[in-house]
*Asks:* 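To start, I am sharing the structure in question, which I have written as C-alpha cells.
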Amino acid sequence: MRTALVTGGGSGIGLAIAQRLEADGLQVATLDLNPSDRGFSRKADVSDRAQVDEALTEIREQLGPVTVLVNAAGMEGYKRFANLTFEAWQRVIDVNLNGVFHCVQAVLPDMVEAGWGRIVNISSSSAHSGQPFMTHYVAAKSAVNGLTKALALELGPQGITVNAVPPGFIDTPMLRRSEERQLLGGTVEEHIQRTPVRRVGRPEDIAAACAFLASEEAGYITGQILGVNGGRNT
Ligand code: NAP
C-alpha cells in the first residue's frame, strides 16, 4: 500500500485531499501547525526543516516510505506593498515556497529509491491573475508553479511526476477569513455570480484533481499547472 504525505492536512483543502487519498486506498500522513484528530497527523511547521525531518522519520517508521507528496500547507497575507515589512514578506515566502522546498527534499529519497513518485503542489489561481495587497503570496505561489515545471524535468527520468494545482475561490476557512475581513472585493455570494460554473469551489474539487495526479494512470502528466477554479481563470 502506498503512503502519502499531505501538508496542511488539518484544515480545508489539505484535509479534503487527505480524506480522498485515504478513500482511494492510500495510507495518509498529515503535517500541520494544528494537526487534526484524523489518522496519522503530526504537528510541524513546514518552514522548519528540522521539524519536517523529525516528522518524516516518524512517518517512515510507522507507515513506510512516502511516495506521494501533496504540498497544501499555506498562509495568506494582505498588506499594501508600500507598508509590507520584510519580516511579513519573508514569513509568507517561508511557508508557501520554502515549505515546498523542505518537504520535497525530505521526501525525495523515498521516491528515488522506489523509482516512482507523485508530487502535487497546491499553488494559487492568483499566480495567474495577480491579486492586490498580496504581492508576497502571489510571488510565492508563482514561484511554486515555476519550481513545479523545473523539478518535473529533473525528476521525470526517475519515475517521479511533479504537477501543480492552483485553486481558485474554494470554500475553506482561508476564504471565509478573507470574506470576513472584506478582502475579497465582494461577498462569496457576489463572486459566485461572476464565476462561470455559478458556484463556489469545494475542497473536494481540489482533492479530486490531486487524486488523479497522484494516481498510476497520470504517469504521462508532469510539469503541468492544472487550474481548478470554476472557469474564473482560463
Ligand atoms: P486553510 O483552511 O487555512 O488550510 C491551510 C492549512 O495549512 C491550515 O491547516 C494551516 O494550519 C496549515 N499551515 C499554515 N501554515 C503552516 C505551516 N507553516 N506549517 C504547516 N502547516 C501550515 O486554507 P485552504 O484554503 O485549505 O488552503 C490550502 C492551500 O490552498 C494553501 O496552500 C492555500 O494557499 C491554497 N489556496 C487556497 C485557495 C482558496 O480559495 N481557499 C485559493 C488559492 C490557493 P493553521 O490552520 O493551524 O494555520
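Count residues from 1 along the sequence. What you see below is based on every heavy atom in this structure, not just the backbone, and it leaves out hydrogens, waters and symmetry mates. Just follow the structure's listing: the first ligand is 1, and inside any ligand the first atom is 1.
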*Asks:* What I'd like to find out is whether the side chain of Trp116 reaches to under 4.5 Å of the side chain of Arg2, using heavy atoms alone.
*Replies:*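 Yes, their side chains come closer than 4.5 Å.
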*Asks:* Under 4.0 Å from a heavy atom of Arg91: give me the atoms of ligand 1 that qualify, with their elements.
*Replies:*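 Reading through ligand 1 atom by atom, the close ones are 18 (N).
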*Asks:* Can you find an N or O of Ser124 that's nearer than 3.5 Å to an N or O of ligand 1?
*Replies:*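 There is no such contact.
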*Asks:* Using a strict 4.0 Å cut-off to heavy atoms of Tyr137, name the atoms of ligand 1 that fall inside it.
*Replies:*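 Answer, ordered by atom number: 33 (C), 34 (O), 35 (C), 36 (N), 43 (C), 44 (C).
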*Asks:* Working note: Arg20 + Asp205, criterion salt bridge (Lys or Arg N to Asp or Glu O under 4.0 Å); need CA distance, chi angles, decisive distance, verdict.
*Replies:* CA-CA 10 Å; Arg20 170 63 195 259; Asp205 293 318; over 6 Å; no
*Asks:* Which heavy-atom pair separates Arg199 from Thr195 by the least distance, and what is that distance?
*Replies:*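 Residues Arg199 and Thr195, closest heavy atoms: O-CG2, 3.6 Å.
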*Asks:* Please could you name the atoms of ligand 1 that Phe169 approaches to less than 4.0 Å, counting only its heavy atoms?
*Replies:*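 Under 4.0 Å from Phe169, ligand 1 has these atoms: 40 (O).
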*Asks:* Any nitrogen or oxygen of Ser47, side chain or backbone, less than 3.5 Å from one on ligand 1?
*Replies:*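 Such a contact does not occur with ligand 1.
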*Asks:* Could you pull out the closest heavy-atom pair between Trp89 and Ala139, with the gap in Å?
*Replies:*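 Looking at all heavy atoms of both residues, the closest pair is CH2-CB, 3.9 Å.
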*Asks:* Show the atoms of ligand 1 that are less than 4.0 angstrom away from any heavy atom in Ala72.
*Replies:*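 Answer for ligand 1: 28 (C), 29 (C), 31 (C), 32 (O).
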*Asks:* Is there any N or O on Ile170 that sits under 3.5 Å from an N or O of ligand 1?
*Replies:*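 Yes: some nitrogen or oxygen of Ile170 is under 3.5 Å from one in ligand 1.
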*Asks:* I need the atoms of ligand 1 closer than 4.0 Å to a non-hydrogen atom of Asp45, numbered in the order shown.
*Replies:*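 Numbered from 1, ligand 1 contributes 17 (C), 18 (N), 19 (N).
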*Asks:* Indicate the atoms forming the closest heavy-atom contact of Cys103 with Val46, along with that distance.
*Replies:*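 So the two residues come closest at SG-CG1, 3.8 Å.
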*Asks:* Please state which protein non-hydrogen atom is closest to atom 43 (C) of ligand 1 and give its distance, to 0.1 Å?
*Replies:*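 Scanning the protein heavy atoms, the shortest distance from atom 43 (C) of ligand 1 goes to Pro167 O, 3.2 Å.
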*Asks:* On a heavy-atom basis, I'd like to know which of Gly74, Ala127, Pro166, Ala140 is closest to atom 5 (C) of ligand 1.
*Replies:*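 The residue whose heavy atom sits nearest atom 5 (C) of ligand 1 is Gly74.
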*Asks:* Quick one: does Thr7 get a heavy atom under 4.0 Å from ligand 1?
*Replies:*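 The answer is no: ligand 1 sits nowhere under 4.0 Å from a heavy atom of Thr7.
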*Asks:* Output the list of atoms in ligand 1 that are nearer than 4.0 Å to some heavy atom of Pro173, sorted by atom number.
*Replies:*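 This gives 2 (O) as the contact atoms.
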*Asks:* Could you find the nearest protein heavy atom to atom 48 (O) of ligand 1 and give me its residue, atom name and distance?
*Replies:*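 Closest protein heavy atom to atom 48 (O) of ligand 1: Leu33 CD1, 3.9 Å.
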*Asks:* Please indicate whether any nitrogen or oxygen in Leu175 is less than 3.5 Å from any nitrogen or oxygen in ligand 1.
*Replies:*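 Looking only at distances, the answer is no, because the N/O contact criterion of under 3.5 Å is not met.
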*Asks:* Please report whether ligand 1 has a polar contact with Asn96, defined as an N or O pair separated by less than 3.5 Å (distance criterion only).
*Replies:*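 Not met; the criterion fails.
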*Asks:* Can you list the ligand 1 atoms lying under 4.0 Å from a non-hydrogen atom of Gly12?
*Replies:*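 So the answer, numbered in order with elements, is 2 (O), 26 (O).
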*Asks:* How far is atom 47 (O) of ligand 1 from its nearest protein heavy atom, and which residue and atom is that?
*Replies:*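 Heavy-atom neighbour on the protein nearest atom 47 (O) of ligand 1: Asn34 ND2, 2.7 Å.
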*Asks:* So, do Val165 and Ser123 sit near enough that their side-chain heavy atoms are less than 4.5 Å apart?
*Replies:*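 Counting from C-beta outward, Val165 and Ser123 never come under 4.5 Å.
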*Asks:* Are any non-hydrogen side-chain atoms of Val70 and Leu5 less than 4.5 angstrom apart?
*Replies:*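 No, every pair of side-chain atoms sits at 4.5 Å or beyond.
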*Asks:* Any side-chain donor-acceptor pair under 3.5 Å between Ser129 and Arg232?
*Replies:*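 Distance-only check fails for Ser129 and Arg232.
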*Asks:* Evaluating non-hydrogen atoms only, which member of Val46, Ile122, Asn121 is closest to atom 19 (N) of ligand 1?
*Replies:*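 Among Val46, Ile122, Asn121, the closest heavy atom to atom 19 (N) of ligand 1 belongs to Val46.
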*Asks:* Taking 4.0 Å as the limit for heavy-atom contacts, which would you say applies to Ile13 with ligand 1: side chain only, backbone only, both, or neither?
*Replies:*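 It is both parts that get close, each with some atom under 4.0 Å.
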*Asks:* Give me the atom names and distance for the closest heavy-atom approach of Leu184 to Ser178.
*Replies:*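 Reported closest heavy-atom pair: CD2-CB, 3.8 Å.
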*Asks:* Taking all heavy atoms of Arg42 and all of Ala55, pick out the closest pair and write down the distance.
*Replies:*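 So the minimum-distance heavy-atom pair works out to CB-CB, 4.5 Å.
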*Asks:* How far is atom 23 (O) of ligand 1 from its nearest protein heavy atom, and which residue and atom is that?
*Replies:*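 Answer for atom 23 (O) of ligand 1: Met174 CB, 3.3 Å.
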*Asks:* Specify side chain, backbone, both or neither for Thr172, according to which of its non-hydrogen atoms lie closer than 4.0 Å to ligand 1.
*Replies:*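 Looking at Thr172 and ligand 1, just side chain atoms fall under 4.0 Å.
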*Asks:* Please work out whether any backbone atom (N, CA, C, O) or any side-chain heavy atom from C-beta onward of Lys141 is under 4.0 Å from ligand 1, and answer side chain, backbone, both or neither.
*Replies:*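 Answer for Lys141: side chain.
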*Asks:* With a 4.0 Å cut-off, would you call Lys43 and Asp32 a salt bridge?
*Replies:*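 Judged by the 4.0 Å cut-off on N to carboxylate O distance, Lys43 and Asp32 do not form a salt bridge.
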*Asks:* Give the residue, atom name and distance (to 0.1 Å) of the protein heavy atom nearest atom 2 (O) of ligand 1.
*Replies:*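 Of every protein heavy atom, Ser11 OG, 2.7 Å lies nearest to atom 2 (O) of ligand 1.
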*Asks:* Check each heavy atom of Arg177 against ligand 1 and say whether those closer than 4.0 Å belong to the side chain, the backbone, both or neither.
*Replies:*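 The answer is the side chain.
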*Asks:* So do the side chains of Ile192 and Phe169 get within less than 4.5 Å of each other, counting heavy atoms only?
*Replies:*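 Yes, at least one pair of side-chain atoms sits under 4.5 Å.
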*Asks:* Under a 4.5 Å cut-off applied to non-hydrogen side-chain atoms, are Val162 and Asn121 in contact?
*Replies:*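 Yes, close enough: below the 4.5 Å cut-off.
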*Asks:* Between Ser123 and ligand 1, which residue portion shows a heavy-atom distance shorter than 4.0 Å: side chain, backbone, both, or neither?
*Replies:*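 Under 4.0 Å from ligand 1, Ser123 contributes backbone atoms alone.
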*Asks:* When you compare the side chain of Glu76 with that of Arg177, does any pair of heavy atoms fall below 4.5 Å?
*Replies:*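 In contact.
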*Asks:* Any non-hydrogen side-chain atom of Met75 less than 4.5 Å from a side-chain atom of Asn96?
*Replies:*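 The answer is yes; the side chains approach within 4.5 Å.
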*Asks:* Identify, for atom 10 (C) of ligand 1, the protein heavy atom at the shortest distance, and state residue, atom and that distance.
*Replies:*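 Looking only at protein heavy atoms, the one closest to atom 10 (C) of ligand 1 is Asp32 OD1, 3.5 Å.
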*Asks:* Suppose I only count heavy atoms of Ala44 and a 4.0 Å limit; which atoms of ligand 1 are within that range?
*Replies:*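 Once the distances to Ala44 are compared, the set is 19 (N), 20 (C).
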*Asks:* Less than 4.5 Å apart, any side-chain heavy atom of Leu151 and any of Leu153?
*Replies:*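 The answer is no; the side chains never approach within 4.5 Å.
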